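Here is how names work: the chains are called A, B, and so on, in the same order as the sequence lines, proteins then strands, and each is numbered from 1. Nothing here was measured: the structure is a model prediction, and the numbers come from that model.
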Number of protein chains: 2
Amino acid sequence: MESSDARLANRAAVLNELLSRDTATRVTIAVRTGLSKATVSRVTDDLIQEGLVRENGPLPGSGPGRQALALSIAGEDKYVCGVDLGGSNTRFLVTDVAGRVRAWAREATPRTATTAETARWLTDRVTALVGSGELHVTAIGLPGAVHPITQSVRTVPNLPQVAGTAFTETVAAALPGTTIFDNDANVALLGEVTAGAARGRGTAVMISIGTGLGASVYLDGRLLTGRTGAVGEFGVLPYADGTLESVMSGAGMVDRARRLGFEVRDAVQIFDRGEPQAVLRDATAALLSMVTTLKVAYEPEVVVLGGGVAPRLAARLDALSWLLDDPTPEPPEIALSTLGDPAGAIGALVAALHCHYRAFDIHTPDLGGVATTLLRSLPGEESHVPAPSA
Amino acid sequence: MESSDARLANRAAVLNELLSRDTATRVTIAVRTGLSKATVSRVTDDLIQEGLVRENGPLPGSGPGRQALALSIAGEDKYVCGVDLGGSNTRFLVTDVAGRVRAWAREATPRTATTAETARWLTDRVTALVGSGELHVTAIGLPGAVHPITQSVRTVPNLPQVAGTAFTETVAAALPGTTIFDNDANVALLGEVTAGAARGRGTAVMISIGTGLGASVYLDGRLLTGRTGAVGEFGVLPYADGTLESVMSGAGMVDRARRLGFEVRDAVQIFDRGEPQAVLRDATAALLSMVTTLKVAYEPEVVVLGGGVAPRLAARLDALSWLLDDPTPEPPEIALSTLGDPAGAIGALVAALHCHYRAFDIHTPDLGGVATTLLRSLPGEESHVPAPSA
DNA sequence: CGCATTTGATTTCATCCTGAAACAAAAGAA
DNA sequence: TTCTTTTGTTTCAGGATGAAATCAAATGCG
């Protein structure tokens with residue numbers, strides 16, 4: 001199938017318009033995209049033919065004149081899935097291709113399982129959540145560097161069974177449709193850029209402080225992964241007599257506290273107690289150093305702090321008021337993740353949607369509208385599996 | 001003037017073909033670009049109408065058949081200029097819009113002059129070198145961060161008189177055509193990417209170690225400047241008890257050596273003597289640290305070392321064989337600048353050419369051919385001013 | 001109730017651009 | 001001179017767009 005360049009751009013424009021508003025007609029699309037009514041009509045007809053768009057009933061008109069036909073994204077039974085496979089918990093999110101939520105879940109990750117068992121567990125959960133729907137794309141964020149070409153996974157201290165290509169290949173083989181993998185920090189940032197703290201920003205950086213330490217970079221409208229997917233592994237950089245990760249990651253802080261003779265369960269506890277002070281002070285200083293490096297490296301508009309420890313760290317940052325003596329003319333905003341823990345699953349879902357439409361040569365730069373309506377359908381419950389349909 | 005998208009792309013394809021080969025005909029262009037003969041003919045006629053392309057005499061044919069008409073970039077009298085305004089020396093390079101060298105010069109920068117005097121000095125030199133030609137674009141690299149929108153210059157310890165907007169505005173007002181400014185490390189990297197050590201690479205990073213310390217980033221085919229032009233100022237990052245710049249820049253090394261009681265003229269002398277060892281050791285370690293940071297931040301295909309000290313440092317790097325124990329799966333190549341000191345002027349000239357053609361909506365992603373032929377016309381002489389033409 | 005008005009969607013038509021193919025031009029070879 | 005070969009132009013069909021005319025359907029007013 002070969003089509004002209006302009007045609008593809010117009011298809012994308014029409015479809016993006018449909019994705020961002022929940023109700024649209026041919027005329028409103030023409031006005032918003034700047035295309036002529038004729039072109040919109042033709043493109044729309046094509047999209048309907050291809051099954052990407054559906055003509056709903058007539059829209060009740062407000063004034064005189066013919067009733068407009070409501071258009072919407074078709075494919076209530078075509079599903080995409082976003083997964084955030086974490087070191088301790090895993091979140092699943094299933095929507096149709098318009099981003100309408102179908103099911104979600106949050107479960108403990110089987111930490112001691114083998115590669116095959118973990119893969120089986122994950123695909124079983126996805127299959128169960130998808131139910132009778134037709135799964136088109138699954139995007140999985142996981143705590144390791146994912147090679148963008150080979151999909152091989154590296155450096156996974158938290159979840160060693162997914163390293164290499166065995167896990168990704170097994171999962172991809174067991175799931176219908178396309179399966180893509182990416183670093184969990186990357187998909188979390190994609191979530192924040194699409195619908196969270198970095199919404200609408202052209203360039204943003206996210207520091208994810210969980211068990212480990214990760215950074216991810218969104219530059220001029222694209223996630224920066226690097227040739228091997230290792231971009232953002234700032235945790236390995238030397239700091240003091242260790243690495244940044246050893247000082248400011250959750251595991252690193254707990255480790256240091258224990259060596260000082262403190263009994264601690266997790267990093268959050270350290271913050272809540274305010275002890276050991278040395279660990280807290282060093283972690284804050286390390287974060288400061290990391291933000292400085294990120295600033296020089298990318299000049300982001302905003303630095304998003306994410307992960308379980310982030311809210312506590314942010315409070316300390318404010319106390320230091322380090323932003324005030326920043327000599328940079330236009331310093332980045334510092335923001336907390338607004339999506340919180342589900343950011344990864346939401347970002348993975350956004351990646352899955354991008355992937356789905358890319359297969360139709362449709363570039364979907366802004367899924368902000370989709371993601372926002374999606375957010376409203378996600379209450380705090382742990383999981384939701386739809387009743388089996390007839 | 002409004003034109004279709006495909007038309008612009010084809011214009012660009014034809015013109016890029018002409019820029020990269022010194023001799024071309026309509027048929028060879030059609031073959032190389034994949035366009036049809038008809039389209040090439042039409043586009044070429046347009047370009048000739050606009051004065052961008054010229055039809056030269058018939059090309060002596062090798063076999064039977066009609067003689068082909070040679071085409072070439074028009075505009076022998078339309079000039080562009082690249083300037084590398086350094087802390088101690090300034091290089092000028094003037095070519096026509098096809099990159100054919102017209103004049104060049106290297107002079108000591110007037111360090112104690114005022115802003116107005118420096119601007120006057122620079123514009124006088126450019127005007128003299130341009131002579132009777134028609135200057136279209138001047139690109140100037142200077143040792144400071146240049147705000148990409150306001151063109152305001154920041155952080156210029158080496159050349160304080162160009163800070164702010166006074167210098168850039170004065171120069172732009174005094175020179176005909178368009179004048180653009182950028183950081184000197186950025187234009188040097190543009191030179192290396194176009195015709196030097198990073199030729200043809202999609203992503204590359206350059207560390208420029210001169211009096212000061214600068215890094216520049218070329219990512220996926222574009223120079224990364226950041227919102228305010230401050231991307232790459234890794235020199236300000238803290239290192240040991242100072243900053244990276246204080247440890248591994250030329251000025252910083254000299255300063256540290258003198259504090260240790262050594263009498264040194266410049267950093268090169270420190271390397272040649274091999275003393276003070278502490279200064280050398282720290283500088284090497286700092287470079288190592290910087291390369292590690294750059295690797296994590298961008299995963300470049302190649303790291304280019306430039307600036308006067310670079311060759312000496314590179315020798316030490318080899319001795320450390322630090323590349324061998326690099327745990328990264330695909331570590332970047334480390335390369336010395338192959339353009340050397342003129343890299344900045346060449347890169348500035350490339351930027352000027354890009355700018356010139358961009359005004360015609362023609363994107364020139366690869367000026368490698370132009371820059372290479374340009375290199376051959378640049379012998380080691382200090383300057384060359386053309387004889388005044390009638 | 002009939003008809004003008006208004007708004008939505010489609011169709012028609014002029015325009016622009018491309019590529020394939022036919023055609024014209026020019027040079028060398030037999 | 002005539003044929004062959006290569007270059008460059010012209011012609012024509014095929015897509016695609018936008019403006020405008022046209023068709024379609026709903027409201028409101030006399």
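- A rotation axis mapping the C1' atoms of four pairs onto the next four is fitted at both ends of the helix from C:dC1-D:dG30 to C:dA30-D:dT1 over five pairs, and the angle between these axes is 40° to 10 degrees.
- Regarding B:L71, its CG atom lies at a distance of 7 Å from the P atom of D:dG8, rounded to whole Å.
- If you take CG of B:D45 and P of D:dT10, they are 8 Å apart, rounded to a whole angstrom.
- Scored by the side-chain contact (heavy atoms from CB on, under 4.5 Å) test, B:N56 finds B:R54, B:A70, B:S72 as partners (sequence neighbours excluded).
- Across the protein-nucleic acid pair, A:L35 atom CG and D:dT17 atom C1' stand 9 Å apart, rounded to whole Å.
- When each of A:V40 and A:P58 is assigned the nucleotide of DNA chain D with its nearest heavy atom, A:V40 is the one assigned upstream, toward the 5' end.
- Here B:Y298 and B:Y218 keep their ring centres 6.0 angstrom or further from each other.
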What's touching nucleotides 6-9 of chain C from the protein side, N or O pairs under 3.5 Å?
| from | atom 1 | to | atom 2 | distance (Å) |
| --- | --- | --- | --- | --- |
| C:dT6 | O2 | A:G65 | N | 3.4 |
| C:dT7 | O2 | A:R66 | N | 2.9 |
| C:dG8 | N2 | A:R66 | NH1 | 2.6 |
| C:dG8 | N3 | A:R66 | NH1 | 3.1 |
| C:dA9 | OP1 | A:L69 | N | 2.7 |
| C:dA9 | OP2 | A:R26 | N | 3.4 |
| C:dA9 | OP2 | A:V27 | N | 3.4 |
| C:dA9 | N7 | A:K37 | NZ | 3.2 |
| C:dA9 | N6 | A:K37 | NZ | 3.2 |

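- Of the charged side-chain nitrogens involved, none lies within less than 4.0 Å of a carboxylate oxygen, so that B:D220 and B:R201 do not count as a salt-bridged pair.
- A salt bridge is defined here as a Lys NZ or Arg NE, NH1 or NH2 lying under 4.0 Å from an Asp or Glu carboxylate O, and B:D96 with B:R102 meets this definition.
- Proximity of B:S36 to the phosphate of C:dA20: no side-chain N or O atom is located under 4.0 Å from OP1 or OP2.
- Checked against side-chain contact (heavy atoms from CB on, under 4.5 Å), A:T150 has the following partners two or more places apart in sequence or in another chain: A:H147, A:S152.
- Every residue two or more places apart in sequence or in another chain was checked for a salt bridge (Lys or Arg N to Asp or Glu O under 4.0 Å) with A:E134, and none qualifies.
- For residues 12-21 of chain A, the set of pairs meeting the side chain to side chain donor-acceptor pair (under 3.5 Å) definition, not counting sequence neighbours, comprises A:E17-A:R21.
- Remark: A:I140 CD1 to A:T138 OG1 distance equals 6.0 Å, nearest 0.5 Å.
- Rounded to an integer number of Å, the gap from CG of B:L59 to P of D:dT5 is 21 Å.
- Between A:E76 and A:R100 there is a salt bridge, since a side-chain N of the basic residue sits under 4.0 Å from a carboxylate O of the acidic one.
- Between the C1' atom of D:dG15 and the CG atom of A:N10 lies a distance of 13 Å, rounded to the nearest Å.
- For B:R42 against C:dG19, a side-chain-to-base donor-acceptor contact under 3.5 Å is present.
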